[in-house]
> 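Before I ask anything, here is the structure I am working with.
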Amino acid sequence: MNPNRKPIIAGNWKMYKTAAEAVALVNALKAEVAGIETVETVVCPPFTALAVVQPALAGSNVQLAAQNVHWEKEGAFTGEVSAPMLKELGVRYAVIGHSERRQFFGETDAGVNKRAKAALANGLRPIVCVGETLKEREANRTEQVIKTQITGGLAGLSKNEMLETVIAYEPVWAIGTGKTASPQQAQDVHAFIRKLIASLFDADTGARVRIQYGGSVKPDNAKELLGQPDIDGALVGGASLKADGFAAIVKAGVQA
Ligand code: PGA
């Protein structure tokens, strides 16, 4: 981590928690992280819980994110949700291009790009996910894959839009598997991404953009990961579903 970049710890709840369960979780969480200002804490509940979680979070230091966002403001797009709809609910961030969306729902870099631009145009901050599969890592294609995802997913963003955007590096082989990238493996890719952003935008943007790590982050490995110079936070799946465990990761961010 670097003092010029505020760490961001986001809990991606995926398809877990009914609305009532979500409210119970954020009520417990906001008490656990009350007063923490040096780390940004974010939760990403399912769409169905956003409207009830927002008032539960009012006045707390926990921000709200959606797990996806469509590029049109409205229309015949069954099953999709637009940026203005999310904005109205007090949503601040939107996860875009998660590997599960890419893997199970056919999302592409071009779609990620349209979603990110729509989010930005409507005052939402994208959390754009990138990451290689095990096969790609073993074939030494990690950097090439990340480069394609980033150049495609972030094409045409202005410098200011890039600085509003968070990149989440999530090696697919580390998601939900219990296999975390080693701090060094993660740091190496984060440094590569930062250099890439510097070359696509400028050195200042590269130095300021926030890059989260995701993939089996837990209370017991968070501090070491977050202590790496180019890791500015975490996107946490499984371990974000319990208030105490997720709060422990946020606190590891405070210490790192
Ligand atoms: P995990 O998920 O922490 O359960 O590995 C991370 C993610 O998919 O964002």
Side-chain angles (χ1 to χ4, degrees), residues 7-17 21-22 25 29 39-47 49-50 62-69 91-107 112 115-116 119 125-134 136-137 142 145-146 149-150 153 165-183 185-187 189-190 193 210-226 228 231-253 256:
I8 171 166
I9 311 285
N12 172 17
W13 296 3
K14 308 192 180 186
M15 198 173 72
Y16 291 96
K17 305 293 176 187
E21 290 166 349
L25 176 52
L29 178 66
V39 170
E40 206 174 338
T41 305
V42 179
V43 291
C44 323
F47 291 130
L50 292 171
V62 180
Q63 310 249 28
L64 196 53
Q67 295 178 19
N68 204 353
V69 58
V91 171
R92 190 78 190 85
Y93 288 90
V95 176
I96 298 173
H98 189 278
S99 65
E100 287 150 16
R101 297 298 317 169
R102 295 175 188 260
Q103 201 180 334
F104 304 129
F105 303 97
E107 290 200 11
V112 167
R115 292 176 194 270
R125 294 174 163 176
I127 298 178
V128 172
C129 303
V130 297
E132 81 287 2
T133 63
L134 185 57
E136 289 162 343
R137 173 163 284 263
T142 299
V145 167
I146 302 287
Q149 290 173 338
I150 290 203
T165 302
V166 176
I167 297 171
Y169 168 57
E170 299 203 302
V172 178
W173 49 271
I175 295 178
T177 58
K179 279 188 213 150
T180 322
S182 71
Q185 279 176 321
Q187 165 58 28
V189 180
H190 281 237
I193 294 172
R210 293 187 295 175
I211 310 172
Q212 296 176 302
Y213 170 78
S216 297
V217 177
K218 298 191 178 63
D220 62 2
N221 61 21
K223 195 172 167 192
E224 210 190 339
L225 284 161
L226 295 169
Q228 300 301 312
I231 299 186
D232 310 310
L235 185 55
V236 184
S240 71
L241 296 173
K242 290 214 168 100
D244 54 351
F246 186 58
I249 295 171
V250 173
K251 287 170 192 165

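Throughout, residue positions are numbered sequentially from 1 according to the sequence presented. If you're wondering where the values come from, they're calculated on a predicted model, not measured in any experiment. Both ligands and their constituent atoms are indexed starting at 1 by order of listing.
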> Heavy-atom contact check, 4.0 Å cutoff: does A239 meet ligand 1?
no
> Below 4.0 angstrom from a heavy atom of S216, which ligand 1 atoms are there? Numbered from 1 as shown, please.
1 (P), 3 (O), 5 (O)
> Using the rule side chain to side chain contact (heavy atoms under 4.5 Å, CB included), only one of I96, V95, V128 pairs with R115; which is it?
I96
> Considering only heavy atoms of E170, which atoms of ligand 1 have at least one such atom less than 4.0 Å away?
6 (C), 7 (C), 8 (O), 9 (O)
> Which residue and non-hydrogen atom of the protein lie closest to atom 3 (O) of ligand 1, and at what distance in Å?
G237 N, 2.8 Å
> Heavy-atom count check: over 12 atoms from other residues, nucleotides or ligands less than 6.0 Å from K242 NZ?
no
> Show the atoms of ligand 1 that are less than 4.0 angstrom away from any heavy atom in A174.
5 (O)
> Under a 4.0 Å heavy-atom limit, does I175 contact ligand 1 with its side chain, its backbone, both, or neither?
both
> Does CZ belonging to F47 count more than 12 external heavy atoms closer than 6.0 Å?
yes
> Quick one: closest heavy-atom pair of S99 and V172, and the distance?
CB-CG2, 3.8 Å
> If you measure from CG on D232 to CD1 on I167, what distance do you get to the nearest 0.5 Å?
10.0 Å
> Taking only heavy atoms of G176 into account, list the atoms of ligand 1 that are under 4.0 Å away from them.
1 (P), 4 (O), 5 (O)
> I need the minimum non-hydrogen distance between A181 and Y213, along with the two atoms involved.
N-OH, 3.0 Å
> Specify the protein heavy atom at minimum distance from atom 4 (O) of ligand 1: its residue, its atom name, and the distance to 0.1 Å.
G238 N, 2.9 Å
> So, applying side chain to side chain contact (heavy atoms under 4.5 Å, CB included) with Q63, which one of V42, V43, V91, I8 is it?
V42
> Below 4.0 Å from ligand 1: does a non-hydrogen atom of G215 turn up there or not?
yes
> Could you list which atoms of ligand 1 come closer than 4.0 Å to a heavy atom of K14?
2 (O), 7 (C), 8 (O)
> Is it the case that atom CD in E136 sees more than 12 heavy atoms from other parts of the structure closer than 6.0 Å?
yes
> Near H98, which atoms of ligand 1 are under 4.0 Å from a heavy atom of that residue?
7 (C), 8 (O), 9 (O)
